[in-house]
Protein chains: 2
Amino acid sequence: MMKTPSPDSIELAASGRLTCAVETTLDVIGGRWKVLILKELLDDVKRFNQLHRSLHGITQKMLTQQLRELEEDGIIHREVYLQVPPKVEYSLTDLGKTLKPVLEAMHHWGIQYLTARDLAPEDAANSRTIGTIEG
Amino acid sequence: MMKTPSPDSIELAASGRLTCAVETTLDVIGGRWKVLILKELLDDVKRFNQLHRSLHGITQKMLTQQLRELEEDGIIHREVYLQVPPKVEYSLTDLGKTLKPVLEAMHHWGIQYLTARDLAPEDAANSRTIGTIEG
DNA sequence: GTCAATAGTTTCTTTTTGGATAGTACCTTA
DNA sequence: TAAGGTACTATCCAAAAAGAAACTATTGAC
């Protein structure tokens, strides 16, 4: 397994050697829901149903599943309050907070991309899956 | 559809308003193969079979499919040489090159993450899907 | 006794994705 | 004449992911 993560080993990665840590990141935050969940938690702690209401279209099963995976990966913290009705709070861990620059970079590029595509309407018209984004 | 991408609208995104451009990015570079293809093309132009040989385990169908999607999204350029045997070269477009900071951020975080997890071996042991990364 | 609220779990079905395999087209080399 | 290289395309099938809907547990309020 990979070790020796020298500070700016991106050059090595670019040269084709070194395993691809980018995939690791994609593994952790990839998929349809995780970045949206992370976005919700960037500012503050949220409860299960708060998240459920914010993320339009997600099922309880999916939400639970994605939250569990993020928890397993050490990105979020799950705080259970033993009371009735139940109360569970989700928040970012310190590790989770380190994702902010990544999300920012992705957000920035996304905007750049949409802008670039908007300048070329004939291409933007038949772009594939942008429909899933919606405002 | 979203317009008015004010320069650092990440704060707005963090506040929960504004559509999520992060998803757009994930839409374009997400999935199992795209970042690996992009990594291959970061340095130089590559031919179909070069890519096929570099990306262990990918089928021709998948490679073709992913390349077409990246092309549709304006990330890569496909240059066909009318000669026999056929020759097709793939390279990053200018837009594609702007992905570099994103890939770097993701690469950097991936390393950070792996390091953090390695410091906690009991967690690293049962991490879910890191197996797909391999060197 | 039953309703509501919260945070899930379970089951079943559908959709998406991925892979194996074979075929196409063209020319060159043996 | 047959094989080989290149860059695909087409078809079928299996597996994985996602979604819909119903069910569970708990307890205080009515």
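Residue numbering restarts at 1 for every chain, and letters A, B, ... go by the order of the sequence lines.
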Passes side chain to side chain contact (heavy atoms under 4.5 Å, CB included), Tyr113(A) versus Thr25(B)? Steps please. CA-CA 8 Å; Tyr113(A) 171 79; Thr25(B) 304; over 6 Å; no
Taking every heavy atom of Ile111(B) against every heavy atom of Thr115(B), the minimum-distance pair comes out as O-OG1, 2.7 Å
Which residues satisfy the side chain to side chain donor-acceptor pair (under 3.5 Å) test with Thr98(A), sequence neighbours excluded? Trp109(B)
What residue pairs, at least two apart or across chains, pass salt bridge (charged side-chain N to carboxylate O under 4.0 Å, His left out) with a residue in residues 48-63 of chain B? none
Leu36(A) and Val22(B): side chain to side chain contact (heavy atoms under 4.5 Å, CB included), yes or no, with the steps? CA-CA 8 Å; Leu36(A) 295 177; Val22(B) 174; over 6 Å; no
For DNA chain C, note the earliest and the latest nucleotide, 5' to 3', having some atom under 4.0 Å of a heavy atom belonging to chain B. dG18(C) to dC27(C)
Heavy atoms only: give me the nearest Lys34(B)-Ile29(B) pair and the separation to one decimal. CB-O, 3.7 Å
Just to verify, what does Glu79(A) make a side chain to side chain donor-acceptor pair (under 3.5 Å) with, not counting sequence neighbours? His77(A)
Heavy-atom distance under 4.5 Å between the side chains of Glu104(A) and His108(A), does that happen here? no
Please report how far the helix from dG1(C)-dC30(D) to dA30(C)-dT1(D) bends, comparing the axis fitted to its first five pairs with the axis fitted to its last five, to the nearest 10 degrees. 30°
Mind listing the side-chain donor-acceptor pairs of residues 81-95 of chain B below 3.5 Å, one per line with the distance, residues two or more places apart or on another chain?
from     : atom 1 : to       : atom 2 : distance (Å)
Tyr81(B) : OH     : Glu89(B) : OE1    : 3.0
Tyr90(B) : OH     : Arg78(B) : NE     : 3.2
Thr93(B) : OG1    : Gly74(B) : O      : 2.6
Thr93(B) : OG1    : Ile75(B) : O      : 3.0
Thr93(B) : OG1    : Leu95(B) : N      : 3.4
Thr93(B) : OG1    : Gly96(B) : N      : 2.9

Taking 5' to 3' order, which nucleotide of DNA chain D is first and which is last to have an atom within less than 4.0 Å of a heavy atom in chain A? dA18(D) to dT27(D)
Numerically ordered, the residues 56-68 of chain A set in heavy-atom contact under 4.0 Å with DNA chain C is Gln60(A), Lys61(A), Thr64(A), Arg68(A)
State, yes or no, whether a side-chain contact exists between Asp73(A) and Asp27(A) at a heavy-atom distance under 4.5 Å. no
List the atom of Ile76(A), the atom of Leu67(A), and the distance in Å for their closest heavy-atom pair. CD1-O, 3.4 Å
Counting the atoms with a prime plus P, OP1 and OP2 as sugar-phosphate, which does Tyr90(A) contact under 4.0 Å by heavy atoms, base, sugar-phosphate, or nothing? sugar-phosphate
Looking only at heavy atoms, which two atoms of Met106(A) and Leu26(B) are closest? And how far apart? CE-CD1, 3.4 Å
What is the minimum heavy-atom distance between His52(B) and Thr59(B), and which atoms define it? NE2-C, 4.2 Å
Go nucleotide by nucleotide along DNA chain D from the 5' end; which of Gly31(A) and Val84(A) gets its closest nucleotide reached first? Gly31(A)
